[in-house]
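Note on naming: letters A, B, ... go to the chains in the order of the sequence lines (proteins, then strands), and numbering restarts at 1 for each one. Hydrogens, waters and symmetry mates are skipped; everything else that's a heavy atom, side chains included, is used.
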Protein chains: 4
Amino acid sequence: MNTRSAALVADTGRRNEAVILNAALEAFGRKGFNGASMRDVAKLAGTSLSNLYNYFPSKSRLLAEVLRHANEELQARVRRAVADAGDDASSRMREAVRAYVGFVVDHQVAMLVSTNEVRYLDPDDRAALVAERDSTQGTFEEIVAQGVASGEFRTPYAADAARAILSGIGAIASWYRPDGRLSRGQLAEQQARYALALLEARLPH
Amino acid sequence: MNTRSAALVADTGRRNEAVILNAALEAFGRKGFNGASMRDVAKLAGTSLSNLYNYFPSKSRLLAEVLRHANEELQARVRRAVADAGDDASSRMREAVRAYVGFVVDHQVAMLVSTNEVRYLDPDDRAALVAERDSTQGTFEEIVAQGVASGEFRTPYAADAARAILSGIGAIASWYRPDGRLSRGQLAEQQARYALALLEARLPH
Amino acid sequence: MNTRSAALVADTGRRNEAVILNAALEAFGRKGFNGASMRDVAKLAGTSLSNLYNYFPSKSRLLAEVLRHANEELQARVRRAVADAGDDASSRMREAVRAYVGFVVDHQVAMLVSTNEVRYLDPDDRAALVAERDSTQGTFEEIVAQGVASGEFRTPYAADAARAILSGIGAIASWYRPDGRLSRGQLAEQQARYALALLEARLPH
Amino acid sequence: MNTRSAALVADTGRRNEAVILNAALEAFGRKGFNGASMRDVAKLAGTSLSNLYNYFPSKSRLLAEVLRHANEELQARVRRAVADAGDDASSRMREAVRAYVGFVVDHQVAMLVSTNEVRYLDPDDRAALVAERDSTQGTFEEIVAQGVASGEFRTPYAADAARAILSGIGAIASWYRPDGRLSRGQLAEQQARYALALLEARLPH
DNA sequence: TATGAATGAGTGTTCATTCAT
DNA sequence: TATGAATGAACACTCATTCAT
């Protein structure tokens, strides 16, 4: 149905749960959290309105679960990439950025919903998600700190650099088209270069 | 009421119109376009629900006007800044970024609403606004092109650099607090540096 | 604007009053009393909404005036026709029918509004109008009575014949098209024949 | 509640649907389509406003269903009557008229709503209903044609006679009172006589 | 687990009418 | 006489949620 994104939530065990989560992601992506109705979600999930409530106690909690899954996947990708990268900050930053970009491209809608609809979460759910996100951003901040310490990165504004980098990458979700000028790989390469340049890393010439 | 932003729409001549536009901006900022009701707007504007419709024919058109005013102000600031800047691409980029950051900080809510709620515009209004926004981005793209041509900027990814820069600056609206670590001026300076670094400009050491 | 009907209310003295009455007739004709708004009327009259209330104190009274004018014209036509007709019941009935048909064709919309929207009048206005209408129907009933007395009409159901005849003629308003199969004159002739036949008059062969 | 009409829609199977349809008929009958609100209908049906929409997707479709049921019943009565009548045109016309009158008397409100509110239907629904009505009128037109061909009816205006007859009968709905001068049967007999007379049938003396 | 019926609060919008000018 | 701004009530319709089955 949506050719730009693979299903975000895998179909393990409780089958309908995954179906509903993916339907909700799609609905929220199309119309926003407040613009999409539970009926929309039910229709996309191919089930009845009332059956939704057998899986999620409220619309808000449904959104929370959608965002939790999205963030989980993003975090996993980034952590794996960093773990598999070399030891120097530049390599690690490059791989972290590539992974982040990969997620944004693979799950464009999830990224959009993630950034635009967090605010509609109930306070507790929002706090939990923000904490998770901060932790992902923390991974980038650590790499920045490492690079500054090692002299690889010379930016005088290290404290905010990770956020600046992630803002730019996150925004990709709002304009990237898979059939556009840049391939998935080229985009990742480009963003990595932007990131390292922003950090004033010693770039290869 | 909102301490983070001065009124976006000036109160010249048609008074209630400005009052309503500012109320709408605030309401949409607090709850999003779909989350805010016309009743919310009326309450904030201190008028009756039905009277809103003497000024704007629909909620959607009200949003369109809010966004048009916001973009107008942003565009004016950037153009003025570029016109007043030096001749070299680096100076012009620096001033353009400063102006853009200034707008985001002065009209944080307007910036947030602008990026998050455009999608709810009617197609025609959306197209018109996107065109205006592209024109603002075009100003940045021209500076990039100038810098690349003159050798000031050495990024191999010039085509997408303006967008990357503006994404990062726009995102400021979602986290900046006037009482935070950075002053308005420091933030502007920082963002200018990020921008020039991303462009791989020859930086002063 | 409406090619099927001449203006019902003549433009004597208080000019805008006639303009408004004709506009109201058109509006009520197009959308019904409850479907047409005072704004609709104002637009058609080429004046402002609030100005309507300088002429008529309420929507309901506006309708009452429209219907009063329509009925006045209808009544005048019928009375004039009967007065100008011969002495025998058949001739008088024939002319009365012709006149009635003439009104329906000349003021189709007025006839439609008259029959469909009376019910929305305030009780007093409705009573007054119904009385006027009964008086017009009374004219026909007298002719029937005369014809029965003289032996011209042989129907055993004289008491309800006038109403039956007028129902049929009134309904013409809902289907007649000036460019249809029958001319104005042919239609009148046809209806006169139907009426006399229904009354079981001795018809010419 | 309404002593003048039996319930039009029978309560078979889908109970609430019939309840709502009858409530809608009553509401539209009392105040007209535009004058009656969905809240009125809900109140009469003894259910909630929003529940109405579980049965009918819009006020307009609700009206369409009401009118469809009414026309179905009318059509069925007329067809049955004609089928059960003798072979000559006069008998068939007499029975057809009797059946039509019977419907008007039994379902006075339905007849009124049917004639006054069709115009508020959506174009497609209106077209469908008009087609059904034309088919009923067609039944009468065929009888007229038969009678003219056989020499039973001598009217020179055969083409419009069926419509003239049905207009008169339909109008009964707007004045008949069950406790009035005429009984149901007398009224039917009277109308049959009017019809045959109008057709210039050879009447029994 | 799944459904369709039900509900009360809320949506954007329009209404007839009034008022200040 | 004429206007534009204003209002409170009402409109058709949709909402998230619940309940009986």
Side-chain angles (χ1 to χ4, degrees), chain A residues 14-17 19-20 33-42 45-63, chain B residues 14-17 19-20 33-42 45-63, chain C residues 14-17 19-20 33-42 45-63, chain D residues 14-17 19-20 33-42 45-63:
Chain A
R14 305 222 273 157
R15 196 151 70 98
N16 275 333
E17 193 170 310
V19 170
I20 293 172
F33 177 71
N34 279 313
S37 70
M38 289 297 266
R39 273 170 180 83
D40 291 335
V41 175
T47 185
S48 71
L49 169 60
S50 40
N51 195 31
L52 260 35
Y53 289 85
N54 286 323
Y55 293 84
F56 303 94
S58 70
K59 193 187 181 190
S60 172
R61 288 288 306 133
L62 176 53
L63 174 62
Chain B
R14 311 228 270 153
R15 196 149 72 102
N16 277 331
E17 195 170 307
V19 170
I20 292 172
F33 177 72
N34 279 315
S37 72
M38 288 299 265
R39 280 164 182 83
D40 291 335
V41 175
T47 186
S48 71
L49 168 60
S50 45
N51 195 31
L52 258 36
Y53 289 85
N54 286 326
Y55 294 84
F56 303 93
S58 69
K59 193 188 183 191
S60 173
R61 288 288 307 134
L62 176 52
L63 174 63
Chain C
R14 303 222 274 159
R15 196 149 70 97
N16 276 332
E17 194 170 309
V19 169
I20 293 171
F33 177 70
N34 279 313
S37 71
M38 289 297 266
R39 274 170 180 84
D40 290 335
V41 175
T47 186
S48 71
L49 169 61
S50 40
N51 195 29
L52 260 35
Y53 290 84
N54 287 323
Y55 292 85
F56 303 94
S58 70
K59 193 189 181 190
S60 173
R61 288 288 307 134
L62 177 52
L63 174 63
Chain D
R14 311 227 271 154
R15 196 149 71 102
N16 277 332
E17 196 171 305
V19 170
I20 293 172
F33 177 71
N34 279 314
S37 71
M38 288 298 265
R39 277 166 182 83
D40 291 336
V41 175
T47 185
S48 70
L49 167 62
S50 44
N51 195 30
L52 258 37
Y53 290 86
N54 286 326
Y55 294 84
F56 303 94
S58 69
K59 193 188 182 189
S60 172
R61 288 288 306 135
L62 176 53
L63 174 62

Can you name the side chain to side chain donor-acceptor pair (under 3.5 Å) partners of A:Asn34, sequence neighbours left out?
none

Between CG on residue C:Leu49 and OG on residue C:Ser37, distance to nearest 0.5 Å:
8.0 Å

Measure the spacing between OG of C:Ser58 and CE of C:Met38 and express it to the nearest 0.5 Å.
7.0 Å

Looking only at side-chain N and O atoms, does A:Tyr55 come under 4.0 Å of OP1 or OP2 in E:dA2?
yes

What residues, two or more places apart in sequence or in another chain, satisfy side chain to side chain donor-acceptor pair (under 3.5 Å) together with C:Ser60?
C:Asp122

Any chance you could list the contact pattern along nucleotides 7-13 of chain E? Use B for base contacts, S for sugar-phosphate-only contacts and - for none, protein heavy atoms under 4.0 Å, 5' to 3'.
BB-BBBB

Rounded to the nearest 0.5 Å, how far does CZ of C:Phe56 lie from CD1 of C:Ile20?
6.0 Å

Can you list every pair that meets salt bridge (charged side-chain N to carboxylate O under 4.0 Å, His left out) and has a residue in residues 50-61 of chain C, with sequence neighbours left out?
C:Arg61-C:Glu65, C:Arg61-C:Asp125

For D:Asn54, side chain to side chain donor-acceptor pair (under 3.5 Å) partners two or more places apart
D:Asn51

Indicate yes or no: at least one non-hydrogen side-chain atom of A:Thr47 is less than 4.5 angstrom from one of A:Asn16.
no

Here the distance between atom C1' of E:dA16 and atom CG of C:Leu63, to the nearest Å, is 14 Å

Paired runs of 3 or more consecutive Watson-Crick or G-U pairs involving DNA chain E, with both pairing distances under 3.5 Å, are E:2-21 with F:2-21

